[in-house]
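The block underneath contains the structure these notes are about, expressed in structure tokens.
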Amino acid sequence: MRKKIVAGNWKMNLTKEQALELTRELVDTLGDLTEHQRVMVCPPSIHLSSVAEVASESKALEVGGQNMHQAESGAYTGEISGAMLKSYGINSVLLGHSERRAYFQENNALLGEKVDAALAAGIEVIYCFGELLEERENETHFEVVSSQLKEALFHLEASQWKHIVLAYEPIWAIGTGRTASPEQAQEMHAHIRGVLADHYGQECADGVSILYGGSVKPDNAKEIFGKPDVDGGLIGGASLKKYDFMAIVAAM
Ligand code: PEP
């Protein structure tokens, strides 16, 4: 049975003290999860080690990276590798976030390489993708999303999909306060699962957690997460506020 996941993407926010304070608060309030639930925070890479140390006091709180390089090692100033993440006990990484695509020119082909590098290092991938507002308005959103999936991920074997989580994030809903309606999220998530099923079979598709991301807040999380193909959320802004993040976790 696929898991429900709430993951917080802290982006380039919080000093060390703030990051550790928030982690401590989450550790103290999270409590136990069922075996079908996961909660994760993805801090900036400079905080990974110290956040992971505090998070290790909780059985429930996982820590993931926000990005990694596709090479194993080498002359790539400023970058981090999968092996480095792994050496700090980090077992998950976000790849393909729309901000990485927009500001760092990451495309589907490059992301395919990053996915391979992460899996080779034993790291689970949370693959983010989603359409622009103009693509939704000109009704090419299903096509765009299908291509983002196929071009970066369809070289994988079916057996590798147990290490992949998908995060559908319509770009027009990220950080804008404008959320996809629960019906729009469900419609796209069902489409994504259908594309997976066509290529890999229904069993594989049914095992993949598909998260929704884009202005999820305490007051809309329950309705969005209640849709059958929505398996939780990737949370940006609201993950920086303890009470908001915990309320979203509770909605899962
Ligand atoms: C995100 O950046 O992944 C995100 C969903 O941000 P926000 O929740 O702030 O829209």
Side-chain angles (χ1 to χ4, degrees), residues 4-14 18-19 22 26 38-45 47-48 51 62-68 90 92-106 108 111 114-115 118 124-133 135-136 141 144-145 148-149 152 164-182 184-186 188-189 192 209-227 229-252:
K4 299 267 180 195
I5 306 171
V6 169
N9 174 12
W10 291 357
K11 310 192 183 189
M12 196 177 74
N13 291 298
L14 307 181
Q18 291 166 333
L22 179 55
L26 296 178
R38 297 173 61 190
V39 176
M40 188 186 298
V41 290
C42 299
S45 55
H47 299 327
L48 279 170
V51 167
E62 299 177 44
V63 180
Q66 293 180 11
N67 179 38
M68 57 169 269
I90 306 301
S92 305
V93 68
L94 303 178
L95 291 178
H97 192 279
S98 63
E99 289 146 20
R100 300 288 322 169
R101 291 178 190 259
Y103 308 141
F104 301 94
Q105 288 73 49
E106 295 195 2
N108 297 331
L111 291 165
K114 290 193 174 207
V115 168
E124 169 192 63
V125 172
I126 301 174
Y127 178 74
C128 310
F129 60 120
E131 81 283 1
L132 298 164
L133 180 58
E135 292 164 337
R136 181 158 282 263
H141 48 301
V144 168
V145 159
Q148 289 171 328
L149 268 182
I164 305 284
V165 170
L166 298 177
Y168 167 62
E169 301 200 296
I171 294 167
W172 46 272
I174 297 181
T176 58
R178 183 176 166 177
T179 321
S181 69
Q184 284 173 317
Q186 169 58 27
M188 184 57 91
H189 283 224
I192 291 165
S209 297
I210 308 176
L211 316 185
Y212 169 79
S215 298
V216 176
K217 305 280 181 247
D219 58 1
N220 59 23
K222 199 163 182 188
E223 220 191 323
I224 297 172
F225 296 172
K227 293 294 177 191
D229 285 294
V230 178
D231 304 309
L234 181 57
I235 319 300
S239 72
L240 297 169
K241 298 180 197 142
K242 173 196 156 186
Y243 290 108
D244 284 7
F245 189 63
M246 288 307 299
I248 293 169
V249 169
M252 163 176 74

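First listed ligand is number 1; within each ligand, the first listed atom is number 1.
Per-residue contacts place L234 under 4.0 angstrom from the following atoms of ligand 1 (heavy atoms of the residue considered): 3 (O), 5 (C). In summary, the atoms of ligand 1 found under 4.0 Å from a heavy atom of G237, numbered by their order in the structure, are 7 (P), 8 (O), 9 (O).
Residue G175 has at least one N or O atom closer than 3.5 Å to an N or O atom of ligand 1. The shortest N/O to N/O separation between K11 and ligand 1 falls below 3.5 Å. By the 3.5 Å distance cut-off applied to N or O atoms, S215 is counted among the residues near ligand 1. The shortest N or O to N or O distance between G214 and ligand 1 is not under 3.5 Å.
For the pair K217 (side chain) and D244 (backbone), a donor-acceptor distance under 3.5 Å is absent. In terms of modelled atom types and a separation under 3.5 Å, the side chain of S209 and the main chain of V165 share no donor-acceptor contact. A distance-only check finds a donor-acceptor pair linking the side chain of Q148 to the backbone of G130 [under 3.5 Å].
With salt bridges taken as basic N to acidic carboxylate O contacts below 4.0 Å, one links E124 and R38.
With a heavy-atom cut-off of 4.0 Å, A173 touches ligand 1 through its backbone alone.
E169 OE2, 2.6 Å is the protein heavy atom nearest to atom 3 (O) of ligand 1. In this structure, atom 1 (C) of ligand 1 lies nearest to the protein heavy atom H97 NE2, 3.2 Å. In terms of protein heavy atoms, atom 4 (C) of ligand 1 is closest to G236 N, 3.5 Å.
For S45, there are no side chain to side chain donor-acceptor pair (under 3.5 Å) partners two or more places apart in sequence or in a different chain.
Ring geometry for H189 against Y212 counts as tilted: the plane angle lies between 30° and 60°, on a 0 to 90° scale.
Summarising the geometry, atom NE2 belonging to H97 is positioned 11.5 Å from atom CD belonging to E106; distances are rounded to the nearest 0.5 Å.
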